[in-house]
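Chain identifiers are assigned alphabetically (A, B, ...) following the order of the sequence lines, protein sequences preceding nucleic acid strands; residue numbering begins at 1 within each chain.
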Number of protein chains: 2
Amino acid sequence: MTIRHNGVVMNTRDRKHREMQEREAIILECARPMFIEGGYNGLNMDRLTSMLEYSKGTIYNHFSCKEEIIITLAIQTLEKRLAMFEKAALFQGTSRERIAAIGTAAELFVKLYPDHFRVEQTIRLDSIWDKTSEERRQVMSNCERRCIGVVSGVVRDGIASGDLNLKDTTSPEEIVFGLWSLSFGGYSIIATSNSLQEIGISEPFKMLRHNYSRFLDGIQWKPLSSEVDYDAVFERVSEEVFGNELQQITA
Amino acid sequence: MTIRHNGVVMNTRDRKHREMQEREAIILECARPMFIEGGYNGLNMDRLTSMLEYSKGTIYNHFSCKEEIIITLAIQTLEKRLAMFEKAALFQGTSRERIAAIGTAAELFVKLYPDHFRVEQTIRLDSIWDKTSEERRQVMSNCERRCIGVVSGVVRDGIASGDLNLKDTTSPEEIVFGLWSLSFGGYSIIATSNSLQEIGISEPFKMLRHNYSRFLDGIQWKPLSSEVDYDAVFERVSEEVFGNELQQITA
DNA sequence: CCCCATTATGACGGATCGTCATTATTAGTC
DNA sequence: GACTAATAATGACGATCCGTCATAATGGGG
């Protein structure tokens with residue numbers, strides 16, 4: 001009836017649940033490199049079956065279709081990004097420095113999980129999206145909303161502190177939309193286009209950071225980039241806030 | 001040996017070539033709605049075959065695989081975008097107004113071909129991209145490069161006319177990258193996320209245009225948005241330059 | 001009218017997704 | 001430990017779909 005696991009008393013029900021989760025993690029661990037390697041078609045359910053010690057039916061007990069596996073892969077990394085955003089927003093500094101800190105988080109996230117974009121790009125295709133469960137779609141939307149919330153929180157702090165003045169007709173979310181467009185578009189272009197090199201942009205990540213700064217200068221978010229070296233802020237945040245994560249990249 | 005077609009003398013060779021192109025157009029015309037409807041999987045080669053009066057082998061004489069059809073669909077619309085960009089760049093006005101004109105072209109293009117993003121999103125997936133021919137990839141890259149060229153041309157004009165002053169360390173292409181990121185990211189988000197409505201952004205296209213303005217204000221591209229009503233410029237360009245295209249949207 | 005090069009055809013092989021009847025395992029009880 | 005009922009695992013199979021290729025049809029030139 002009751003057993004012990006890791007010193008905690010558990011009943012059969014709990015154990016089954018735990019085993020279920022452990023196996024789910026194993027499946028995803030095996031599926032991720034397959035997806036990264038060959039995309040949607042590269043993730044082959046038969047091959048996945050033969051590589052794991054579970055039969056196909058068992059895998060289909062966890063995920064009702066291929067798309068469910070892929071969206072779960074996306075959720076895994078999105079949750080890490082959310083955590084990084086939340087950590088960055090706690091950075092001690094001016095409101096604009098805190099925005100820069102979140103930008104730093106976004107950049108390090110992209111470098112830490114370079115394959116994430118491919119997963120998210122696939123998921124956002126309607127033909128894939130439609131096959132995923134409403135439940136998991138909710139989880140993904142939540143992640144997105146909370147990320148937006150972190151950024152808009154800092155925008156509101158900027159307004160409250162007087163660093164930023166928006167016209168009455170402008171909502172903080174509009175600014176979030178701008179930053180989001182810049183980063184989503186920028187990282188997408190970096191990941192999927194070779195035109196950048198051809199037009200002589202050799203440090204795209206740095207250029208993208210400068211473009212953030214230009215946008216923020218455009219709304220007069222103080223202190224302006226002419227007054228503060230935000231490249232230096234990037235370096236500081238990288239080390240002070242994301243030192244651990246950084247090692248993973250350079251290692 | 002020689003025949004007449006549309007009043008032009010043609011030999012057998014020419015006729016075959018023309019028939020080939022006509023058939024290619026027919027195939028693409030049939031494939032496009034199939035792809036729009038159901039994405040990569042929705043474009044079904046068997047169904048395509050049964051809907052056209054050609055056999056599968058014949059279709060495979062034109063396109064060596066499914067991916068070739070999809071990239072050709074992408075190229076078709078990309079060429080239209082390039083044409084719209086080139087037309088917009090000819091707008092008579094200040095350099096910044098001409099940039100706004102290109103922004104107008106980009107927005108109208110998205111509204112005119114709302115399905116284009118889905119096609120391009122699919123093509124940019126490595127697993128699809130890898131199966132396309134080097135030749136067609138070149139055509140696509142060329143389109144992209146020429147679009148970039150149009151924009152960077154206007155940026156250089158802005159510098160030449162004194163409307164824009166960039167630091168020595170900043171290249172015109174960096175600004176192009178910024179505008180490109182903003183628009184690519186913005187339209188992608190509009191097309192694939194419902195978070196925008198949830199955070200209260202009801203006119204995303206307008207907001208995106210304002211974000212362009214903020215970015216351009218940030219680099220002090222004169223005249224600033226405080227001096228000129230760029231929403232009005234958008235309206236003017238829409239009517240004066242793209243009147244014909246506009247009818248198609250509203251109709 | 002005939003011949004051969006060129007093009008069209010669609011049956012087929014191969015790959016892959018997801019199902020489900022069958023088999024195995026496990027929990028709980030005596 | 002033996003038995004049973006519920007639960008879970010299995011993998012053969014049906015269905016779908018891509019791309020090929022042996023065969024058939026076409027038509028241009030002599």
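Rounded to whole Å, the distance from CG on A:L52 to P on D:dT10 is 11 Å. At whole-Å resolution of the value, CD1 in B:I59 and P in C:dG10 are 12 Å apart. If you measure from atom CG of B:L48 to atom P of C:dT9, you get 13 Å, rounded to the nearest angstrom. Taking atom NZ on B:K56 and atom C1' on D:dT23, their separation rounds to 17 Å, with Å as the unit. What separates OH of A:Y60 from P of C:dT16 is a distance of 12 Å, to the nearest Å. With rounding to whole Å, A:F63 atom CZ is found 15 Å from C:dT19 atom P. The separation between B:K131 atom NZ and D:dC17 atom C1' is 12 Å, rounded to whole Å. Computed from coordinates, the B:L43 CG to D:dT16 C1' distance equals 15 Å when rounded to whole Å.
Atom CD of A:Q248 is separated from atom CG of A:L112 by 5.0 Å, given to the nearest 0.5 angstrom.
Cation-pi check for A:K111 over A:F205 is met; the charged atom lies under 6.0 angstrom from the ring centroid and within 45 degrees of its normal.
Where A:S64 and B:D46 meet DNA chain C, the nucleotide closest to each residue was compared, and B:D46 sits on the side nearer the 5' end.
Dashed line: the shortest gap from a side-chain N or O of A:K66 to OP1 or OP2 of C:dC17 is under 4.0 Å. For D:dC18, one of the phosphate oxygens OP1 or OP2 lies less than 4.0 angstrom from a side-chain nitrogen or oxygen of B:N44.
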Considering only nitrogen or oxygen atoms on both sides, find all protein atoms under 3.5 Å from nucleotides 7-9 of chain D and state each distance.
unit_1, atom_1, unit_2, atom_2, d
D:dA9, OP1, A:R23, NH1, 2.7
D:dA9, OP1, A:R23, NH2, 2.8
D:dA9, OP2, A:N61, ND2, 3.3

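At most 12 heavy atoms of other shown residues, nucleotides or ligands fall within 6.0 angstrom of atom CZ in A:R146.
The pair B:E19-B:R23 does not meet the salt-bridge criterion, since no charged nitrogen lies less than 4.0 angstrom from a carboxylate oxygen. In this structure, A:R47 does not pair ionically with A:E37, as no charged nitrogen and carboxylate oxygen lie closer than 4.0 Å. The pair B:K87-B:E245 meets the salt-bridge criterion, since a charged nitrogen lies less than 4.0 angstrom from a carboxylate oxygen.
Residues B:F184 and B:F117 place their aromatic rings such that the two centres sit under 6.0 Å apart.
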